[in-house]
Amino acid sequence: MFRPFGTKSLQKHPAVHSLVEAGNNSRYPLQRATCTFMAACIAILPMLQISPASAQSRNLKLVRDAETEELMRDYARPIFKAAGLKPRNIRIHLVNDSRMNAFVVDSKRMFINTGTVILSKTPNEVIGVLAHETGHIAGGHLIRLRRAMEEAQTIAAIGMLLGAGAAAAGVASGNSNAAQAGGAIMSASPGIAQRTFLSYARTEEIAADRAAIRYLERTGQSANGMLTTFKRFADQSLFSSRHVDPYIQSHPLPRERISQIERLAKKSKFFAKKDSKSLQFRHNLVRAKLAAFTQSPKRVMRTYKGNDLASQYARAITTYRLGNHKKAIRLVDALIKAQPQYPYFWELKGQIYLETGSGDKAIAPLNKAVSLRPNEGILRVMLGQAILSSKSNRNYSQAVSHLRRGLQNDPDMEVGYRFLAQAYDKLGQRAQAEMATANGYFASGDIRSAKAMAARAKKKLKRGSPEWLQADDILTYKQPKL
């Protein structure tokens with residue numbers, strides 16, 4: 001289910017703070033999954049700007065889609081292992097942005113634009129980007145990059161102070177040359193600081209390139225996709241920054257760097273190796289799905305005119321978006337007939353029914369999707385929602401079971417807590433409903449409301465129970481200062 005996850009505010013959400021104690025507490029399983037673009041840029045952009053640009057200060061528009069997220073995990077898993085990282089400790093988030101970009105903000109979160117997937121013709125191109133970002137995580141670049149930024153800011157601040165002092169002294173003494181020299185120092189200081197920082201950042205980018213190629217080599221994969229992606233965007237640095245892709249701004253690609261990547265990539269015995277047909281098949285489907293949900297219907301219909309399943313998938317989604325639900329169901333049924341064991345065709349059918357007010361009809365296809373992917377939290381939350389919205393099959397205990405298991409596997413889904421609260425309320429379990437609501441508020445970053453609801457729930461819960469401990473965790477949680 002392709003669903004916008006909302007636009008999150010850094011000040012209200014604990015996601016971007018590194019290793020928040022409550023998030024790592026074993027008795028409190030919630031994990032935070034959002035941050036702002038500004039925070040991401042602070043972590044990786046090789047720029048020194050006191051006032052963030054509008055593109056940097058925009059909040060991230062995150063989306064959730066089980067099919068795409070599963071594919072990204074499958075792409076990244078061998079890379080993470082090759083880097084000595086534990087795949088279960090790193091979450092990949094989807095950003096609803098048509099441009100190419102990927103970035104990391106800490107050692108546990110990687111962000112990738114939907115546009116990166118849509119623009120990449122092969123899995124290997126996306127894998128190369130993920131491998132590069134993994135190089136930043138494994139190399140500890142984020143911590144050192146923040147230190148380098150702090151040092152650069154210090155250089156700029158000292159230069160500004162010295163320049164201001166010299167200018168003031170010159171004015172006071174009537175020495176116009178000294179005043180002008182002081183002004184020159186002030187104007188030059190930010191540039192010196194930025195060059196110092198950029199020099200460091202370029203070193204880290206090259207290190208991440210080399211690490212990525214090592215990971216690809218260790219996993220028996222080609223670096224050709226990474227090279228293709230970087231070549232595609234290298235020339236953009238020649239244009240004005242208004243038209244430059246954000247990936248270029250955060251990952252400067254001078255020609256000598258491209259040449260070095262190409263030289264190292266071609267040394268590998270796996271350079272000519274192609275992606276498997278099964279992986280390419282899944283990649284094509286995800287590209288089609290993301291395009292169909294994010295691009296104009298006219299553009300999608302023009303792009304996906306073939307008879308392959310990816311084109312049929314895109315047309316089914318676009319037909320649904322255009323409001324022809326009956327035809328969309330027929331198109332999805334044709335997909336299911338062609339690939340009856342592919343869970344996300346069943347999911348799409350359930351989504352169409354669910355979002356058009358036919359919760360009863362949504363249950364069967366979503367049950368099938370869950371049976372094929374029992375550990376996908378999004379699918380179980382959708383099934384729980386369908387059961388709740390059903391007119392003739394409202395088994396609230398069953399809804400609770402699916403919602404709880406879905407949230408255990410995917411604790412970032414704030415909407416799931418809302419459905420869980422509804423199910424508990426229907427069962428007359430008021431304390432559990434309040435606790436689910438508190439968890440939902442916390443997942444959304446509304447800490448004040450989460451604490452208020454947790455306090456209400458805690459009074460009704462048995463001391464020492466899992467729900468009581470969760471309430472206690474929320475009440476004792478202190479949001480770190482930025």
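Sequence positions, counted from 1, serve as the residue numbers for this chain. Atoms considered below: every heavy atom in the structure, side chains included; atoms not considered: hydrogens, waters and symmetry mates.
Leu309 is listed as a side-chain neighbour of Phe281, based on a closest heavy-atom distance under 4.5 Å. Thr219 has its side chain out of reach of Ile127: every pair of non-hydrogen atoms, C-beta onward, lies at least 4.5 Å apart. You'll find the side chain of Arg330 stays beyond 4.5 Å of the side chain of Asp333, heavy atoms only. No side-chain heavy atom of Ile213 sits less than 4.5 Å from a side-chain heavy atom of Lys267. At least one side-chain heavy atom of Arg282 sits under 4.5 Å from a side-chain heavy atom of Glu70. No side-chain heavy atom of Ile447 sits less than 4.5 Å from a side-chain heavy atom of Ile474. Looking at heavy atoms from C-beta onward, Asn101 lies out of side-chain contact with Val95 at the 4.5 angstrom threshold. Counting heavy atoms from C-beta outward, Phe419 and His402 have side chains that stay 4.5 Å or more apart.
Counting only N and O atoms by type, the side chains of Gln221 and Tyr75 include no donor and acceptor under 3.5 Å apart. The closest side-chain donor-acceptor pair between Ser268 and Glu217 falls under 3.5 angstrom. Between Gln260 and Asp209, the side chains place no donor N or O within less than 3.5 Å of an acceptor N or O (distance only, hydrogens not considered).
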Practice task
For Thr68 and Val63, run side chain to side chain contact (heavy atoms under 4.5 Å, CB included): C-alpha distance rounded to whole Å, both residues' side-chain angles, the deciding distance at 0.1 Å, then the answer.
Solution key: CA-CA 10 Å; Thr68 307; Val63 292; over 6 Å; no
Practice task
Let me see the working for Asn284 and Asp308 under side chain to side chain contact (heavy atoms under 4.5 Å, CB included), right down to the final yes or no.
Solution key: CA-CA 10 Å; Asn284 292 343; Asp308 57 292; 5.9 Å; no
Exercise for the section: Before giving the answer on side-chain hydrogen bond (donor to acceptor under 3.5 Å, both in side chains), spell out for Asn113 and Thr116 the whole-Å C-alpha distance, their side-chain angles and the decisive distance to 0.1 Å. Expected result: CA-CA 5 Å; Asn113 282 11; Thr116 303; 5.2 Å; no
Exercise for the section: Start with the C-alpha gap between Leu279 and Leu71, add the side-chain angles, then the distance that decides, and say whether side chain to side chain contact (heavy atoms under 4.5 Å, CB included) holds. Expected result: CA-CA 9 Å; Leu279 206 60; Leu71 186 63; 4.3 Å; yes
Exercise for the section: May I have the step-by-step check of side-chain hydrogen bond (donor to acceptor under 3.5 Å, both in side chains) for Tyr320 and Glu355, ending in yes or no? Expected result: CA-CA 10 Å; Tyr320 165 57; Glu355 293 182 350; 2.4 Å; yes
Exercise for the section: List the steps, then state whether side chain to side chain contact (heavy atoms under 4.5 Å, CB included) holds for Ser98 with Gln295. Expected result: CA-CA 9 Å; Ser98 62; Gln295 296 177 355; over 6 Å; no
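Between the side chain of Lys349 and the main chain of Val332, no donor-acceptor pair closer than 3.5 Å is present. Arg287 places a side-chain N or O within 3.5 Å of a backbone atom of Ser120 that can act as its donor or acceptor partner. A donor-acceptor distance shorter than 3.5 angstrom exists from the side chain of Trp346 to the backbone of Pro340, with no hydrogens or angles considered. Here the side chain of Thr229 pairs a donor or acceptor atom with the backbone of Gly225 at under 3.5 angstrom.
Using a cutoff of 4.0 Å between basic side-chain nitrogens and carboxylate oxygens, Glu414 and Arg418 are not scored as salt-bridged.
Here the closest non-hydrogen pair linking Pro374 and Asn409 is O-ND2, 4.2 Å. In terms of heavy-atom proximity, Met226 sits nearest to Ala212 at SD-CB, 3.8 Å. Taking all atoms of both residues into account, the shortest heavy-atom contact from Asp410 to Arg91 is OD1-NH2, 3.4 Å. Ala369 and Leu379 get closest at one heavy-atom pair: O-CD1, 3.7 Å. When every heavy atom of Phe271 is checked against every heavy atom of Ser222, the shortest pair comes out as O-OG, 2.6 Å. When all heavy atoms of Ala328 and Thr319 are compared, the closest pair comes out as N-CG2, 3.8 Å.
Remark: Leu403 CG to Arg380 CZ distance equals 10.5 Å, nearest 0.5 Å. Atom CZ of residue Arg315 and atom CG of residue Leu335 lie 9.0 Å apart, to the nearest 0.5 angstrom. Annotation: the span from Tyr313 atom OH to Tyr344 atom OH amounts to 9.0 Å, rounded to 0.5 Å. Interatomic distance, CG of Leu216 versus NE2 of His132, reported as 12.0 Å (0.5 Å rounding). Note that CD of Glu69 is 4.5 Å distant from CD1 of Ile378, once rounded to the nearest 0.5 Å. To the nearest 0.5 angstrom, Lys274 atom NZ is 6.5 Å from Asn224 atom CG.
The local environment of CZ in Arg321 is crowded, with over 12 non-hydrogen atoms from other residues, nucleotides or ligands closer than 6.0 Å. Heavy-atom contacts from other residues, nucleotides or ligands closer than 6.0 Å to CZ of Arg373 number more than 12. For Phe293, the CZ atom sits in a packed shell: over 12 heavy atoms of surrounding residues, nucleotides or ligands are nearer than 6.0 Å.
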